Amino acid sequence: MPHRKLRPAGPRVIAVMVAVATVAATALSACGSPLNTAGQLGATTKMDVVASFYPLQFATQQIGGDHVAVLNLTKPGAEPHDVELTPRDVAAVSKARLVVYERGLQGAVDQAVESEAGNRALDVAPAARLDLLFQPGIGTPTRTSGANAPGTRDPHFWLDPQRYSDVATVIAQRLSSIDPANKVDYVNNAKAFQDKLTALNGEFAAGLANCWRKEIVTSHSAFGYLAQRFGLVQIAINGLAPEQEPQASTLAAVSTYAKAHGVTTIYAETLASPAIAQAVAREAVARMATLDPIEGLTTASHGKDYFEIMRSNLKALQAGQGCS
């Protein structure tokens, strides 16, 4: 079969080809390169935001709504205190329009923010007013005069709904400054989120107002702000990071205190081994229950969110502390 000679494309064909190429280029430009929730570059017009762990992811999603795509650097089931970032995670930090994190909680995140994020990072620690110094054993937490006080400050602000609400305010402000066209939505979403937190705070205040026992023996020192807000006393077996090994003297002191004060419940938690809490429970002849510090979701969370988990914590505390 003889070969057919191809004729050069005419002006009409060339015009169509140019138009198609122009539309494709415009579409890619409009989409930019925001991050999807899998940590990859995706074709979406949403603002790409990186959050360092679940409570910050959840707050940012609640406030940003349909305008944001939020990547959580702490994967479900991982312990936030010891998170290790992959090259993809670091790249996400470098490309995000906003990085929401809490300085001092996750060393790897602090390093990535310092090297990659520049002025696109929001440290929520000042808004959270971290003013409790960690104190292991049977002592009560020490309140500091502010963020510049020496010592290791308790980072678990989100377990106090009022502190969490203050952090929501600064997240909304930063989103509004980056994307002023949608400021009204961010403000309204933040207000709705804060109203839910206010209601939650009221439920805890009422539910823990009349309890036989005020001391809560926890496996790690995550519940200081919650205890402070609602008139309880946290007695922590471990330090601020749940994987820390307590000193033998601290373990013995907590067990002795629990027996002497009639503590009936020892609280283990998700994302950490219950072995140490179980040892104290055996010594104190106490039962075990679970409190979730909500540092991250687990594979057993089954779609639960912050509010559902907090209400589960409230039920556990009411049962364990003899509240009426």
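Everything numeric in this text was worked out from a predicted model, so none of it was measured. Side chains are part of it too, since the values below use all heavy atoms of this structure and drop only hydrogens, waters and symmetry mates.
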| Should Q278 and I266 count as side-chain neighbours, where that means a heavy-atom distance under 4.5 Å? | no

| message | What's the separation between atom CG in L251 and atom CG in N238, rounded to the nearest 0.5 Å? | response | 8.5 Å

| query | If every non-hydrogen atom of P55 is compared with every non-hydrogen atom of Y164, which pair is closest and at what distance? | reply | O-OH, 2.6 Å

| said: One pair to check against side chain to side chain contact (heavy atoms under 4.5 Å, CB included): F223 and L232. What are the steps and the verdict? | reply: CA-CA 10 Å; F223 299 91; L232 302 175; over 6 Å; no

| Test item: H156 and E295 side chains (from C-beta on) under 4.5 Å apart, heavy atoms | yes

| task | State which residues pass salt bridge (charged side-chain N to carboxylate O under 4.0 Å, His left out) with D89; sequence neighbours excluded, sorted by chain then number. | result | K75

| request: Not counting sequence neighbours, which residues clear side-chain hydrogen bond (donor to acceptor under 3.5 Å, both in side chains) with K214? List them please. | output: none

| query | Distance from M310 atom CE to K304 atom NZ, nearest 0.5 Å? | reply | 14.0 Å

| query | Are F157 and L130 close enough that some pair of their side-chain heavy atoms sits under 4.5 Å apart? | reply | yes

| message | Any side-chain to backbone donor/acceptor pair from R120 onto A96? Under 3.5 Å, distance only. | response | yes

| message | Tell me every residue that passes side-chain hydrogen bond (donor to acceptor under 3.5 Å, both in side chains) with T169, counting only those two or more places apart in sequence or in another chain. | response | Q194

| field | Qualifying residues under salt bridge (charged side-chain N to carboxylate O under 4.0 Å, His left out), relative to K191, sequence neighbours excluded | value | D195

| message | If you compare all heavy atoms of S52 against all heavy atoms of L73, which two are closest, and at what distance to 0.1 Å? | response | O-CB, 3.9 Å

| said: Using only atom types and a distance under 3.5 Å, with no angle test, would you say the side chain of Q57 pairs donor to acceptor with the backbone of A51? | reply: no

| Shortest non-hydrogen contact from L56 toward V167 | CD2-CG1, 4.3 Å

| Within the side chain of S255, is there an N or O that forms a donor-acceptor pair under 3.5 Å with the backbone of A284? | no

| query | Is the backbone N or O of D154 less than 3.5 Å from a side-chain atom of Y225, with the two atoms forming a donor-acceptor pair by type? | reply | yes

| said: Can you list everything that forms a side-chain hydrogen bond (donor to acceptor under 3.5 Å, both in side chains) with T218? Sequence neighbours excluded, please. | reply: none

| said: Is it the case that the side chain of E283 and the backbone of V280 share a donor-acceptor pair, with hydrogens and angles ignored and the cut-off at 3.5 Å? | reply: no

| task | Could you pull out the closest heavy-atom pair between E102 and P155, with the gap in Å? | result | OE2-O, 2.9 Å

| Any donor-acceptor N/O pair, D292 side chain to I309 backbone, under 3.5 Å | no

| task | Would you tell me whether H67 and D185 have side-chain atoms, one donor and one acceptor, within less than 3.5 Å of each other? | result | yes

| task | Tell me whether L98 is reachable from V187 by hopping between hydrophobic residues (I, L, V, M, F, W, Y) whose side-chain heavy atoms are closer than 4.5 Å. | result | no

Without placing hydrogens or testing angles, list every side-chain donor-acceptor pair under 3.5 Å for residues 200-211, not counting sequence neighbours.
unit_1: E203; atom_1: OE1; unit_2: R311; atom_2: NE; d: 2.9
unit_1: E203; atom_1: OE2; unit_2: R311; atom_2: NE; d: 3.3
unit_1: E203; atom_1: OE2; unit_2: R311; atom_2: NH2; d: 2.9

| field | Residues forming a salt bridge (charged side-chain N to carboxylate O under 4.0 Å, His left out) with R213, sequence neighbours excluded | value | none

| E215 and I235: which non-hydrogen atoms are nearest, and at how many Å? | CB-CD1, 3.6 Å

| said: Nearest 0.5 angstrom please: I216 CD1 to F230 CZ, how far? | reply: 11.0 Å

| remark: Taken to the nearest 0.5 Å, the spacing of D305 CG from I294 CD1 works out to 9.0 Å

| query | With R97, which residues qualify under side-chain contact (heavy atoms from CB on, under 4.5 Å), at least two apart? | reply | M47, D48, I178

| query | What distance separates Q162 CD from L197 CG, expressed to the nearest 0.5 Å? | reply | 9.5 Å

| request: Look at the side chain of S177 and the backbone N and O of R174, then say whether any donor-acceptor pair between them is shorter than 3.5 Å. | output: yes

| said: Distance check, rounded to the nearest 0.5 Å: L226 atom CG versus L317 atom CG? | reply: 6.5 Å

| task | Return yes if some donor-acceptor pair links the side-chain N/O of E79 with the main-chain N/O of H81 below 3.5 Å, else return no. | result | yes

| message | Once salt bridge (charged side-chain N to carboxylate O under 4.0 Å, His left out) is applied, do any residues pair with R129, and if so which ones, sequence neighbours excluded? | response | D166

| task | Could you list the residues that satisfy side-chain hydrogen bond (donor to acceptor under 3.5 Å, both in side chains) with Y306, not counting sequence neighbours? | result | none

| query | With distance as the sole test, does S165 use its side chain to make a donor-acceptor pair with the main-chain N or O of P161 at under 3.5 Å? | reply | no

| Heavy-atom pair with the smallest gap, counting every atom of F53 and P80 | CB-CB, 4.3 Å

| task | Could you list all the side-chain hydrogen bond (donor to acceptor under 3.5 Å, both in side chains) pairs where at least one residue sits in residues 312-321, not counting sequence neighbours? | result | Y267-Q321

| field | Summary of ring-ring contact (aromatic ring centres under 6.0 Å, His included) pairs that have at least one residue in residues 97-131, sequence neighbours excluded | value | none

| task | Take atom CD of E114 as the centre, draw a 6.0 Å sphere, and report whether it contains more than 12 heavy atoms from other residues, nucleotides or ligands. | result | no

| task | Side-chain contact test, heavy atoms from C-beta onward, threshold under 4.5 Å: evaluate it for R163 versus D131 and give yes or no. | result | yes

| query | F307 and F58: side chain to side chain contact (heavy atoms under 4.5 Å, CB included), yes or no, with the steps? | reply | CA-CA 10 Å; F307 291 104; F58 184 68; 3.8 Å; yes

